[in-house]
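Data block below; observations after.
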Amino acid sequence: MIGVAALLASASDFAAPPINTFKGGLLGGRSDIATLGDDTVACFTEGKSTEGQDTLATEWMGAKWKLASQAHFDLFKASPEKYAPLLKK
């Protein structure tokens with residue numbers, strides 16, 4: 001009985017994070033980078049996918065978010081929930 005309780009207690013260790021950090025590709029897996037490194041602000045403001053820069057990255061909700069420009073970085077930092085694609089209002 002104790003073994004079952006220990007197993008259930010550790011199940012939360014395997015729960016999916018609140019932000020999509022799945023890797024693409026054949027083997028998949030997880031990464032610490034949200035949206036596969038794309039600038040999520042560009043998706044909302046420009047309607048296209050743009051690669052984020054390592055030098056313009058910030059941490060939010062347990063993931064690294066990469067942005068393509070300083071302006072997008074500032075917008076995301078001011079209101080990340082507005083630009084997170086998986087959060088609905």
Side-chain angles (χ1 to χ4, degrees):
M1 199 64 134
I2 293 173
V4 172
L7 180 61
L8 292 176
S10 65
S12 64
D13 294 340
F14 299 105
I19 296 299
N20 183 349
T21 54
F22 285 108
K23 292 181 185 177
L26 193 57
L27 299 178
R30 289 206 177 271
S31 166
D32 66 338
I33 301 173
T35 65
L36 301 175
D38 285 346
D39 179 342
T40 189
V41 175
C43 293
F44 283 87
T45 61
E46 300 169 16
K48 65 179 183 177
S49 179
T50 304
E51 184 178 353
Q53 303 297 314
D54 288 330
T55 56
L56 293 169
T58 187
E59 295 280 329
W60 183 67
M61 289 190 74
K64 184 185 299 185
W65 298 77
K66 295 182 179 184
L67 294 306
S69 69
Q70 186 64 49
H72 287 188
F73 180 87
D74 294 340
L75 285 170
F76 186 83
K77 287 289 282 186
S79 186
E81 64 282 346
K82 181 176 179 181
Y83 299 105
L86 298 180
L87 298 179
K88 302 283 184 186
K89 290 188 176 184

Verdict with reasoning, Phe76 to Trp60, per side chain to side chain contact (heavy atoms under 4.5 Å, CB included): CA-CA 10 Å; Phe76 186 83; Trp60 183 67; 3.9 Å; yes
Under the side chain to side chain donor-acceptor pair (under 3.5 Å) test, residues paired with Glu46 that sit two or more places apart: His72
Straight-line distance of Leu67 CG to Glu51 CD, nearest 0.5 Å: 12.5 Å
Test item: Asp39 side-chain N/O and Ala68 main-chain N/O as donor-acceptor pair under 3.5 Å: yes
Least distance between heavy atoms, Tyr83 atom then Val41 atom: CG-CG2, 3.7 Å
Interatomic spacing from OG1 in Thr35 to NZ in Lys66 - rounded to 0.5 Å: 9.5 Å
Where Cys43 and Ser49 come nearest, the two heavy atoms and their spacing: SG-CA, 4.2 Å
Set of side chain to side chain donor-acceptor pair (under 3.5 Å) partners for Thr58, sequence neighbours left out: Lys77
Under the side chain to side chain donor-acceptor pair (under 3.5 Å) test, residues paired with Gln53 that sit two or more places apart: none
Rounded distance [0.5 Å steps], OG in Ser79 versus CG in Asp74: 13.0 Å
Short side-chain to backbone donor-acceptor contact, Asp38 and Thr40, under 3.5 Å: no
